Amino acid sequence: MEFLLAITVGVLYACGAYLLLRRHLIKLVLGIVFIGQASNLLIFTAAGLREGAPAFVPGGAQALAESAADPLPQALILTAIVIGFGLVAFILVLAQRVHRTTGSDDLDDMREEE
């Protein structure tokens, strides 16, 4: 399972880097989204995968059991997803404003208009 997730992380990073190098503004935004999601998946995979072990302390126990999943990476990823969503929403608003101002979504055309 971890090997499959490692391959998925690599593919997402590769697609994100490819999209960042394209000339269109929307592809740039999608590249940022792919790299952000790949980073979240990388943190999740690096924390270790455990099947059937929730991250809860059983009643009467003082700490997590040895087989329980670590809740810290899960909380970090949840926070990163929320922050990433806000970042993408902000970037899309900026992209719309740039498109309205310049009349194009091609980054080379925007450079020429300066």
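Heavy-atom basis, side chains included; hydrogens, waters and symmetry copies ignored. All figures in this text were calculated on a predicted structure; none of them were measured in a lab.
Between Leu12 and Phe34, the shortest heavy-atom distance links the atoms O-CB, 3.8 Å.
Legend: residues meeting side chain to side chain donor-acceptor pair (under 3.5 Å) with Ser39, ordered by chain and number and at least two apart, are Tyr13. For Leu76, the side-chain contact (heavy atoms from CB on, under 4.5 Å) test picks out Leu72, with sequence neighbours left out. Residues passing the side chain to side chain donor-acceptor pair (under 3.5 Å) test with Arg23, sequence neighbours excluded: Asp106, Asp108. Leu21 meets the side-chain contact (heavy atoms from CB on, under 4.5 Å) test with no other residue; sequence neighbours excluded.
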### Task
Would you sort out whether Phe90 and Leu94 count as a side-chain contact (heavy atoms from CB on, under 4.5 Å), showing the intermediate values?
CA-CA 6 Å; Phe90 181 68; Leu94 285 178; 3.4 Å; yes
### Task
Evaluate side-chain contact (heavy atoms from CB on, under 4.5 Å) for Leu25 paired with Leu28, printing each intermediate quantity in order.
CA-CA 5 Å; Leu25 200 55; Leu28 180 80; 4.1 Å; yes
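One distance of note links CZ of Phe3 with OG1 of Thr45; it measures 12.5 Å at 0.5 Å rounding. For the atom pair OG1 of Thr102 and CZ of Arg97, the computed distance is 11.0 Å after rounding to the nearest 0.5 Å. Put simply, CD on Gln37 and CZ on Phe44 are 13.0 Å apart, with the number rounded to the nearest 0.5 Å. Atom CD of Gln74 sits about 12.5 Å away from atom CD1 of Ile43, to the nearest 0.5 Å.
Each salt bridge (charged side-chain N to carboxylate O under 4.0 Å, His left out) pair with one or both residues in residues 33-46, not counting sequence neighbours, would appear here, but there are none. Contacts classified as salt bridge (charged side-chain N to carboxylate O under 4.0 Å, His left out) and involving residues 7-19 (residues at least two apart or in different chains) are not found.
None of Val93, Val88, Leu87 except one satisfies the side-chain contact (heavy atoms from CB on, under 4.5 Å) rule with Ile91; the exception is Leu87.
Put simply, Ile83 and Leu42 are part of two different groups of oily side chains (I, L, V, M, F, W, Y) that touch within less than 4.5 Å, one to the next. Ile35 and Val11 are assigned to two separate hydrophobic clusters, defined by single-linkage of ILVMFWY side chains at heavy-atom distances under 4.5 Å. Side-chain heavy atoms closer than 4.5 Å link hydrophobic residues (I, L, V, M, F, W, Y) into clusters, and following such links, even through other members, never connects Leu92 to Phe85.
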